[in-house]
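Reading through the structure tokens given below for one structure.
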Amino acid sequence: MSFFRELAHQYIDGEWLDGSGSWDIIDFNPYNGEKLAAVTVATALEVDRAYRAAERAQPEWAAVSPYERRAVIERALRITEELAEEITEAIIDELGGIRSRAAHEVHAASEFLREAVRQAVRPTARLLPAVGDGRENRVHRLPVGVVGVISAFNFPFLVGMKSVAPALALGNAVVVKPHQNAPVVGGGLIARIFEDAGLPAGLLNVVITDSAEIGDAFIEHPVPKVISFSGSERVGRHIAATAAGLFKRTVLELGGNSALVVLADADVDQAVRAALFSRFVYQGQTCLAATRILVDRAVAGEFAEKFTARVAALKAGDPRDPETTVGPVINAFQADALDALVDRAVEDGATALVRGRTVGNVVAPTVLTGLAEDSPLLRQEILGPVALLVTFDGEDDAVRIVNDGPYGLSGAVHTGDVERGVRFARRIDSGMFHVNDSTVQDDPLVPFGGEKASGTGRLNGEAAVEAFTTQRWMSIQQGRAAFPF
């Protein structure tokens, strides 16, 4: 508890402060309802202070040796690894994740910090051929300046680090607005790690607040040049429109409605295991989750029998119980919404092969089948443990169904022929697609992001360098240039 009270504050210009708003964000444990902390919200005044602090600190940070920046990131990595158990405990308490899921988030964040160590000292200039004698073209990569980061609740430590670490490594300053349901894991904890790593004051700031208090101040403020957002399509559209009007760049990782496809020649048992993980990891509260599980009619009966048996055996409950697979969803609003969604689908003619009960915020898994082809459920993101089982007839039909929707984030196909899977994947309109694996994948080096309503821009590896730097062309005339007049 003291851990949460200590870090549940605004962090601005190297100081831990209370917000000046008139109300508090209450940080609850989603499983047992325990109050973890209360945070007085930041107002537009604190947002301005945070951005101005970042603006003041950034030029000196950009001018220091890349090796000095690398050293800070290296220390942040060591601190994260040393605190791995404590961070895991905090994720369980604040987010309701089971231990293996929480530990994975910490490990993944460490890998992204390790990549940021390398990003700090990558080449930042190129020489390009020039038209004309005696002329040289130099292209320099420069930090954009200040980056605003808005993170989601579902993997807040990892998602925060995916933007914060490379942005700092490349010479930027950052202001983070964590999700209201993850103010510590997604905000204060990241600030404390970099503070202890010796990051100079002002380069990383955290404002815990809500749009109900600050409106669009976080996006519209004149200082940030890039807004990196992870969250819903609805909010992402608004951020994109607002930022575009102010000539700000955005990196938007939005919703998904991913499909896991099982072709007739697939290893059914392995496909069942992949589908189980892809749909129910962290209660299905990830944009990468396989909402739709598409199975060729030739193996649909076998798959459904094995899949539903495995789903029915999943234990839902206390995330601290080692036998629990499905913990609580993030809040009561989400639990009620999932119940209503399933009830409405059954009323509209769907069949519940497995119908999970809801107790508090714990929503046990449900498997629905027999949805009408025009059902809106097949085209929306479902952040919860509800799987939609759909049959198809042949590859062309599967491709049509997968692509029939507004999203294009992730997906997977299972087949006995890997190259057949590759050919299938090339026909899918998504930013990421996987052969004989789960839909829930990430890696520090790959370009991570979606197509269509799943967002714009990419993170990770070289894509993060592209996101958080700008290019400047300089030409140098070594001799005497000739001019036409």
Side-chain angles (χ1 to χ4, degrees), residues 256-281 284 288-314 342 345-346 348-356 365-382 385-430 432-441:
N257 179 230
S258 299
L260 185 142
V261 181
V262 184
L263 300 182
D265 64 345
D267 178 336
V268 172
D269 290 329
Q270 180 65 5
V272 166
R273 287 189 287 269
L276 202 71
F277 176 82
S278 297
R279 176 63 270 189
F280 299 112
V281 62
L288 301 172
T291 302
R292 298 172 295 163
I293 300 169
L294 278 54
V295 188
D296 191 288
R297 197 175 301 277
V299 293
E302 179 188 1
F303 182 93
E305 180 181 356
K306 292 179 176 179
F307 181 69
T308 54
R310 293 288 297 270
V311 172
L314 294 177
V342 172
V346 172
D348 290 342
T351 299
L353 298 179
V354 178
R355 178 65 166 100
T366 289
V367 179
L368 298 175
T369 191
L371 287 91
E373 191 165 319
D374 62 352
S375 169
L377 267 189
L378 293 172
R379 292 167 182 81
Q380 73 182 65
E381 182 175 48
I382 302 175
V386 179
L388 310 179
L389 204 55
V390 180
T391 57
F392 62 86
D393 297 294
E395 282 188 42
D396 290 344
D397 194 32
V399 170
R400 177 187 64 80
I401 295 170
V402 173
N403 288 334
D404 182 19
Y407 296 106
L409 186 59
S410 183
V413 61
H414 279 253
T415 170
D417 181 345
V418 168
E419 291 307 316
R420 180 189 185 190
V422 171
R423 291 191 296 271
F424 184 94
R426 291 173 65 90
R427 300 174 67 188
I428 304 302
D429 298 331
S430 70
M432 303 171 282
F433 207 80
H434 311 287
V435 178
N436 289 340
D437 211 329
S438 78
T439 62
V440 183
Q441 302 284 340

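Residues take their numbers from the sequence shown, with the count starting at 1. For the numbers below, each heavy atom of this structure counts, side chains included, while hydrogens, waters and symmetry mates do not.
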Counting C-beta onward and ignoring hydrogens, is there a side-chain heavy-atom pair between [X] and [Y] closer than 4.5 Å?
X: Val342; Y: Arg355; answer: yes
X: Leu368; Y: Val346; answer: yes
X: Ile293; Y: Val367; answer: no
X: Val390; Y: Leu371; answer: no
X: Leu288; Y: Met432; answer: yes

Main-chain N/O of Gly370 paired with Thr351 side-chain donor or acceptor, under 3.5 Å: no

Are Glu395 and Arg423 close enough for a salt bridge, meaning some N to O gap below 4.0 Å?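 Arg423 and Glu395: not salt-bridged.
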
With rounding to the nearest 0.5 angstrom, report the [atom1] to [atom2] distance, [X] to [Y].
X: Ser438; Y: His414; atom1: OG; atom2: NE2; result: 7.5 Å
X: Leu377; Y: Ile382; atom1: CG; atom2: CD1; result: 4.5 Å
X: Leu294; Y: Leu263; atom1: CG; atom2: CG; result: 10.0 Å
X: Arg310; Y: Asp269; atom1: CZ; atom2: CG; result: 8.5 Å
X: Thr415; Y: Asp265; atom1: OG1; atom2: CG; result: 3.5 Å
X: Asn403; Y: Arg427; atom1: CG; atom2: CZ; result: 8.5 Å

Work out which heavy atom in [X] is nearest to a heavy atom in [Y]; give both atom names and the distance.
X: Ala289; Y: Gly284; value: CB-O, 4.1 Å
X: Ser278; Y: Leu260; value: OG-CD1, 3.6 Å
X: Ala274; Y: Asp437; value: CB-O, 4.0 Å
X: Ala259; Y: Val402; value: CB-CG2, 4.0 Å
X: Arg379; Y: Asn257; value: CA-OD1, 3.8 Å
X: Leu389; Y: Ala304; value: CD2-CB, 3.8 Å

Got more than 12 heavy atoms from elsewhere within 6.0 Å of CD, Glu305?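 Open.
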
Kindly assign one of parallel, tilted or perpendicular to the pair Phe280 and Phe307, based on the angle between their ring planes and the thresholds 30° and 60°. parallel

Derivation of the side chain to side chain donor-acceptor pair (under 3.5 Å) call for Ser258 and Arg292: CA-CA 6 Å; Ser258 299; Arg292 298 172 295 163; over 6 Å; no

